[in-house]
There are 2 protein chains.
Amino acid sequence: MAAMSDETLDATDREILELLREDARRTLSDIAARVTLSTAAVKRRIDRLQEAGVILGYTVRVDHSKLGWGVEAFTELRFFGTTNVDEIVQTTTRMPEAQAVFTIAGDPDALVWLRVRDMAHLQRTIDELRRSHRVTSTKTLIVLDSWAGGEYPPDGA
Amino acid sequence: MAAMSDETLDATDREILELLREDARRTLSDIAARVTLSTAAVKRRIDRLQEAGVILGYTVRVDHSKLGWGVEAFTELRFFGTTNVDEIVQTTTRMPEAQAVFTIAGDPDALVWLRVRDMAHLQRTIDELRRSHRVTSTKTLIVLDSWAGGEYPPDGA
DNA sequence: AGTGAAAAAGCATGCCC
DNA sequence: GGGCATGCTTTTTCACT
């Protein structure tokens with residue numbers, strides 16, 4: 001939760017993170033050329049970022065609509081007074097339809113990012129959400145279009 | 001938007017995608033061993049998935065709180081009757097605080113996923129959102145905790 | 001589509017500045 | 001913290017099944 005254990009990142013570190021965000025498969029030599037450093041120096045920096053927990057891992061970006069999961073939605077959940085938040089997250093995250101789960105301060109209590117095949121599937125998924133917790137109400141926002149990305153903070157930490 | 005141009009993915013393709021989702025830096029030989037195929041065969045499948053647009057790219061997962069951007073929120077936006085949706089997305093996506101933007105069917109009109117340094121920064125960011133469009137109202141959900149991940153569809157497309 | 005092997009590219013390490 | 005040189009691993013390509 002705090003800043004980096006030892007030191008704050010410098011401009012080069014942030015540049016490297018941005019390059020990896022764009023394409024995590026960039027070679028060290030490619031990155032090295034762009035930040036005007038040697039491959040060894042870049043590798044040491046990346047290792048340090050990984051060690052410090054700034055870099056959590058690497059993943060592939062997939063076009064889910066190409067896989068037939070073309071419908072995206074957000075469902076706002078409200079619970080009875082004392083519902084265990086961990087329990088919500090635990091059961092929800094096991095659903096293959098859940099992309100992400102956010103517990104919220106205030107109203108609603110949680111926000112679930114869903115990805116499903118079609119509207120019928122969405123209906124079933126929402127029903128499942130309602131059943132699996134002590135839900136008092138849900139509201140589902142159906143996504144028409146989305147944009148994801150965003151740069152890294154250009155200024156320091 | 002439709003399924004894969006040529007053919008549907010088989011179980012091995014989905015297994016490879018899942019392995020890459022867990023860790024996009026796995027070597028071909030590592031993947032090959034897990035799916036009991038040769039590295040060359042795995043490479044051709046991955047190349048084909050990329051060619052087909054199923055694989056969009058590779059990215060790094062970062063612990064934003066370690067970078068000092070520890071506050072996450074969703075802001076629901078409502079606009080005047082005829083506001084150009086593209087315009088909303090265009091201007092919002094230029095903000096470094098915007099992680100993602102979703103246009104929504106119904107109410108609200110859009111959902112913006114924000115990541116900011118602190119509450120003061122959140123306030124400024126929401127103000128900016130309100131100013132930059134013909135916004136009639138906003139509602140911001142502050143994230144207490146989040147979980148992201150989720151498996152790939154285990155069944156075929 | 002898959003395999004196996006050779007060539008090319010990239011990575012990892014040790015040593016020095 | 002950075003660079004260079006070197007041995008090792010991985011990727012990439014190709015001929016063959």
Side-chain angles (χ1 to χ4, degrees), chain A residues 3-63 66-68 152-157, chain B residues 3-63 66-68 152-157:
Chain A
M4 236 177 106
S5 350
D6 302 311
E7 278 298 310
T8 178
L9 311 169
D10 66 10
T12 307
D13 287 326
R14 273 179 263 110
E15 213 174 327
I16 290 170
L17 284 174
E18 170 60 18
L19 288 167
L20 287 174
R21 193 193 57 75
E22 285 172 12
D23 178 9
R25 273 192 139 185
R26 283 197 145 92
T27 62
L28 292 180
S29 19
D30 178 85
I31 296 169
R34 289 169 197 270
V35 301
T36 45
L37 235 58
S38 68
T39 62
V42 171
K43 186 189 185 302
R44 276 195 290 263
R45 278 170 180 268
I46 291 175
D47 288 347
R48 189 170 50 78
L49 289 168
Q50 202 141 15
E51 184 91 18
V54 173
I55 291 178
L56 297 170
Y58 301 88
T59 194
V60 64
R61 293 188 300 116
V62 168
D63 185 343
K66 287 250 168 73
L67 294 173
Y152 274 96
D155 46 305
Chain B
M4 238 177 104
S5 350
D6 303 311
E7 278 299 308
T8 178
L9 312 169
D10 66 11
T12 306
D13 287 328
R14 274 179 263 111
E15 214 175 327
I16 291 171
L17 283 175
E18 171 60 17
L19 288 167
L20 287 175
R21 192 192 58 76
E22 284 172 12
D23 178 10
R25 273 190 137 187
R26 275 184 209 281
T27 62
L28 293 178
S29 18
D30 178 84
I31 296 168
R34 288 169 198 271
V35 302
T36 48
L37 236 59
S38 68
T39 62
V42 170
K43 186 188 185 306
R44 270 204 280 103
R45 278 171 181 267
I46 291 175
D47 288 347
R48 190 170 49 78
L49 289 168
Q50 201 142 15
E51 184 90 20
V54 174
I55 292 178
L56 297 170
Y58 302 88
T59 193
V60 64
R61 292 187 302 115
V62 169
D63 185 344
K66 288 250 169 72
L67 294 174
Y152 275 96
D155 46 303

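All chains are named by letter (A, B, ...) in the order of the sequence lines, taking the proteins before the strands, and each is independently numbered beginning at 1. No experiment lies behind these values; they were computed from the predicted model shown.
Counting to the nearest Å, the P atom of D:dG1 and the CG atom of A:L9 are 13 Å from each other. Between the CZ atom of A:R25 and the P atom of C:dC11 there is a distance of 11 Å, rounded to whole Å. Atom CD1 in A:I46 sits roughly 9 Å away from atom P in C:dC11 (whole-Å rounding). At whole-Å resolution of the value, CG in B:L28 and P in D:dT13 are 12 Å apart. Following rounding to the nearest Å, A:R48 (CZ) and C:dA12 (C1') show an atom-to-atom distance of 18 Å. Rounded to an integer number of Å, the gap from A:I31 CD1 to C:dC11 C1' is 12 Å. One interatomic measurement links the two molecules: CG of A:L20 to C1' of C:dC11, which rounds to 15 Å at whole-angstrom precision. The distance from atom CZ of B:R26 to atom P of D:dT11 is 12 Å, rounded to the nearest whole Å.
Applying the side chain to side chain contact (heavy atoms under 4.5 Å, CB included) criterion to B:R21, with sequence neighbours excluded, gives A:T59, A:V60, B:E18, B:E151, B:Y152. For A:R34, the side chain to side chain contact (heavy atoms under 4.5 Å, CB included) partners are A:L19, A:R26, A:D30, not counting sequence neighbours. Partners of A:A40 by side chain to side chain contact (heavy atoms under 4.5 Å, CB included), not counting sequence neighbours, listed by chain and number: A:S38, A:R44. Listed by chain and number, the residues in a side chain to side chain contact (heavy atoms under 4.5 Å, CB included) with A:S29 are A:T27, A:T39 (sequence neighbours excluded).
The existence of a salt bridge linking B:R61 and B:D23 is excluded, since no basic side-chain nitrogen approaches an acidic carboxylate oxygen closer than 4.0 Å. For the pair B:D47 and B:K43, the salt-bridge criterion is met [side-chain N within less than 4.0 Å of a carboxylate O].
Between A:K43 and C:dC11, a side-chain N or O to OP1/OP2 separation shorter than 4.0 Å is absent.
When all heavy atoms of A:L17 and A:L9 are compared, the pair lying nearest together is CD1-CD1, 4.2 Å.
An end-to-end axis angle of 30° holds for the helix from C:dA1-D:dT17 to C:dC17-D:dG1, taken from five base pairs per end and rounded to 10°.
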**Prompt:** Can you give one letter per nucleotide of nucleotides 2-7 of chain D, going 5' to 3': B for a protein heavy atom under 4.0 Å from the base, S for sugar-phosphate only, - for none?
**Reply:** BBB---
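For B:E22, the CD atom is densely surrounded, since the number of other residues' heavy atoms within 6.0 Å is greater than 12.
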**Message:** Could you go through A:T36 and A:T12, starting from their C-alpha distance and side-chain angles, then the distance that decides it, and tell me whether this counts as side-chain contact (heavy atoms from CB on, under 4.5 Å)?
**Reply:** CA-CA 9 Å; A:T36 45; A:T12 307; over 6 Å; no
